[in-house]
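Below, chains carry the letters A, B, ... as their sequence lines are ordered, and counting in each starts from 1. Below, all heavy atoms of this structure are taken into account, side chains as well, without hydrogens, waters or symmetry copies.
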2 protein chains.
Amino acid sequence: MPRPRRAVAAAPDLSTRQRLLAAAAGEFAARGFAGASIDRIAAAAGLNKAMIYYHFASKKDLYGEILRDMFAAVSVRVKAAAASDRPPDEKVRQFVVAIATEAEARPHFPPIWFREIAEGGAHLDAETLRHVASVVGALRHIIEDGVRAGRFKPVNVFLVHAGIVGPLLLHFVASGALRKRLQKAGVPVAENTRDEVLEHIFGVALATLEGRTS
Amino acid sequence: MPRPRRAVAAAPDLSTRQRLLAAAAGEFAARGFAGASIDRIAAAAGLNKAMIYYHFASKKDLYGEILRDMFAAVSVRVKAAAASDRPPDEKVRQFVVAIATEAEARPHFPPIWFREIAEGGAHLDAETLRHVASVVGALRHIIEDGVRAGRFKPVNVFLVHAGIVGPLLLHFVASGALRKRLQKAGVPVAENTRDEVLEHIFGVALATLEGRTS
DNA sequence: GTCTATAAATAGATAGAC
DNA sequence: GTCTATCTATTTATAGAC
């Protein structure tokens, strides 16, 4: 049911804008920034490409908005995990769940993240970089709290971060087209449920932090 | 000092071909398949773009050769690890070292691998897919041997694989431009040596296989 | 807000001289 | 083997009608 009347005249049409953002996310995920086509994005949104330049300043700006949304969402959820009053191991679990939840909410997230890593973060603007930084920062706080509580060893943040994010993104990305391709090549791809994978990754991170991995 | 005379007339000029392959690897790593430009590859090799079509059938064919070289090299080294007569834990260490060694021998390897994962392996031909499959297969054999010897628990291959390859590639990629970008954003990027990272990843994999992570 | 038409640059690929 | 010149399609982006 449509709202009976527009509240204010100036408000931009969110529906069109978000259709463009959704179509763009799919295109950037499938082909990368340089390979994505403004024409294809517009067509996928059922619109004309002139509409993209009506709503966004440039292809780079459009891509930047998608990146900002992704990392802002992760940042918020991860900081909430770090700020919770649960014990250290539960915070680590929440950290893993935070990344998984936002990745699942955006199918384009894992592939775009992978590509952005491959490009050395070339398209991350200052604000997005702060969000990325705050994700690592939140994990560092979780570890430091655990160390203070006598539960964790002071393991390097980047090793823990890579041990969580690497396998997690790999799982989500490999659940798609790559899985089918590998199956056709004779690789017996196992059926891990989402919860099994999360529990495994959490268990590995906890073992690392509790000093059971060396 | 140039060789005094060409041995056989038909032999293709390997030097030029390999200059093109090296330049292409850099371009594909930096911009992805769709974003890479034949013109830029030729210019980076100090040659003309017509030379690319003299040595390769198409852009896709050129990219395919780079992918095949990468995964063939990893496959060979990983199968050697699986076939060695060392104890199970040493085979796991060799598996980690195998991936790291080939990644270090090719700076373009980690970014291209990440991008190919993001694209669902869209550019992997049948032969390259067999190489990828054999990497997972080798790890599966290592795990099965360890289980038979009573040293490992029967952990899912893909979980172990993701736990090794994810963090490893992340480390190599994040050692480049991304590290500098994050440092400028205020993230105190730690200085992990190559050996520390490898030892950590090996330790985590071993803990997983020995059932110390749950 | 949405469209068509178009500009201007660049893409992959080929022809043909040397 | 290596080059210049060129073909054709596609690219990002804009102008201007409605």
Side-chain angles (χ1 to χ4, degrees), chain A residues 2-3 5-67 115 119 122-123 125, chain B residues 2-3 5-67 115 119 122-123 125:
Chain A
R3 284 172 297 169
R5 203 166 303 188
R6 197 179 294 273
V8 276
D13 186 353
L14 290 180
S15 161
T16 292
R17 202 166 188 283
Q18 282 174 347
R19 261 163 63 209
L20 285 172
L21 283 169
E27 172 78 0
F28 286 128
R31 306 189 184 235
F33 176 75
S37 153
I38 292 288
D39 251 329
R40 268 193 300 265
I41 292 171
L47 291 163
N48 188 276
K49 82 170 136 181
M51 285 309 296
I52 290 182
Y53 293 99
Y54 176 78
H55 285 283
F56 305 94
S58 65
K59 180 182 177 180
K60 187 172 179 173
D61 177 65
L62 170 57
Y63 185 55
E65 289 220 24
I66 292 171
L67 288 178
R115 286 183 195 274
E119 297 202 28
H123 306 96
D125 60 23
Chain B
R3 285 173 296 170
R5 204 167 302 187
R6 197 178 296 271
V8 275
D13 187 352
L14 290 179
S15 162
T16 292
R17 203 166 188 282
Q18 281 173 348
R19 260 161 66 208
L20 286 172
L21 283 169
E27 173 76 0
F28 285 127
R31 304 187 185 238
F33 176 75
S37 154
I38 293 288
D39 252 328
R40 267 193 301 266
I41 292 171
L47 290 163
N48 188 277
K49 84 170 137 181
M51 285 309 295
I52 289 182
Y53 292 98
Y54 176 78
H55 284 282
F56 305 94
S58 65
K59 179 183 177 181
K60 188 173 179 173
D61 177 66
L62 170 57
Y63 185 56
E65 289 220 23
I66 292 171
L67 288 178
R115 287 183 193 274
E119 295 200 29
H123 306 96
D125 60 23

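The distance from atom CZ of Phe56(A) to atom C1' of dG1(C) is 14 Å, rounded to the nearest whole Å. What separates CG of Leu47(A) from P of dT2(C) is a distance of 7 Å, to the nearest Å. In this structure, the CG atom of Asn48(B) is 13 Å from the C1' atom of dG16(C), given to the nearest Å. When the P atom of dT11(D) is taken as reference, atom OH of Tyr53(A) falls 11 Å away, rounded to whole Å. Rounded to an integer number of Å, the gap from CD of Gln18(A) to P of dG1(C) is 13 Å. Whole-Å rounding puts the Met51(A) CE to dT4(C) C1' distance at 14 Å. Atom NE2 in His55(B) sits about 16 Å away from atom P in dT14(C), given to the nearest Å.
Atoms CG and CE, from Asn48(B) and Met51(B) in turn, are 8.5 Å apart once rounded to the nearest 0.5 Å. One distance of note links CZ of Phe28(B) with CG of Leu62(B); it measures 4.5 Å at 0.5 Å rounding.
Ile52(A) comes within 4.0 angstrom of no nucleic acid atom, judged by non-hydrogen atoms across all strands.
Every pair tested for salt bridge (Lys or Arg N to Asp or Glu O under 4.0 Å) that includes a residue from residues 51-64 of chain A fails, sequence neighbours excluded, so the list is empty.
Here dC3(C) is the nucleotide among dC3(C), dA13(D), dA13(C) with the atom lying nearest to any side-chain atom of Ala50(A). Counting only heavy atoms from C-beta on, Lys49(B) has its side chain closest to dT6(D) among dC3(D), dT6(C), dT6(D).
Of the residues in residues 19-42 of chain A, none has a non-hydrogen atom less than 4.0 angstrom from any atom of DNA chain C. Contacts of residues 57-66 of chain B with DNA chain C (heavy atom under 4.0 Å): Ser58(B), Lys59(B).
Using a 4.5 Å heavy-atom threshold, the side chains of Arg19(B) and Thr16(B) count as touching.
Considering every non-hydrogen atom in both Ile66(A) and Ala25(A), the closest pair reads CD1-N, 3.6 Å. Ala34(B) and Arg31(A) make their closest contact through CB-O, 4.2 Å (heavy atoms, listed as atom of the first residue, atom of the second, distance).
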Walk me through it: do His55(A) and Glu65(A) pass the test side-chain contact (heavy atoms from CB on, under 4.5 Å)? CA-CA 11 Å; His55(A) 285 283; Glu65(A) 289 220 24; over 6 Å; no
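With sequence neighbours left out, Phe56(A) forms a ring-ring contact (aromatic ring centres under 6.0 Å, His included) with no residue at all.
Below 30°, between 30° and 60°, or above 60°: for Tyr63(A) and His123(A) the angle between ring planes is above 60°, a perpendicular geometry.
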Counting Watson-Crick and G-U wobble pairs with both distances under 3.5 Å, what is the dot-bracket string for DNA chain C, 5' to 3', using [ ] for crossing pairs and | for pairs to another strand? ||||||||||.|||||||
Only distances under 3.5 Å count here; give the side-chain donor-acceptor pairs of residues 38-47 of chain A to other protein atoms, sequence neighbours excluded, each with its distance to 0.1 Å.
unit_1: Asp39(A); atom_1: OD2; unit_2: Lys49(A); atom_2: NZ; d: 3.3
unit_1: Arg40(A); atom_1: NE; unit_2: Glu27(A); atom_2: OE2; d: 2.9
unit_1: Arg40(A); atom_1: NH2; unit_2: Glu27(A); atom_2: OE2; d: 3.2
unit_1: Arg40(A); atom_1: NH2; unit_2: Gly35(A); atom_2: O; d: 3.3

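Residue Thr16(A) places no side-chain N or O under 4.0 Å from the OP1 or OP2 atom of dG1(C).
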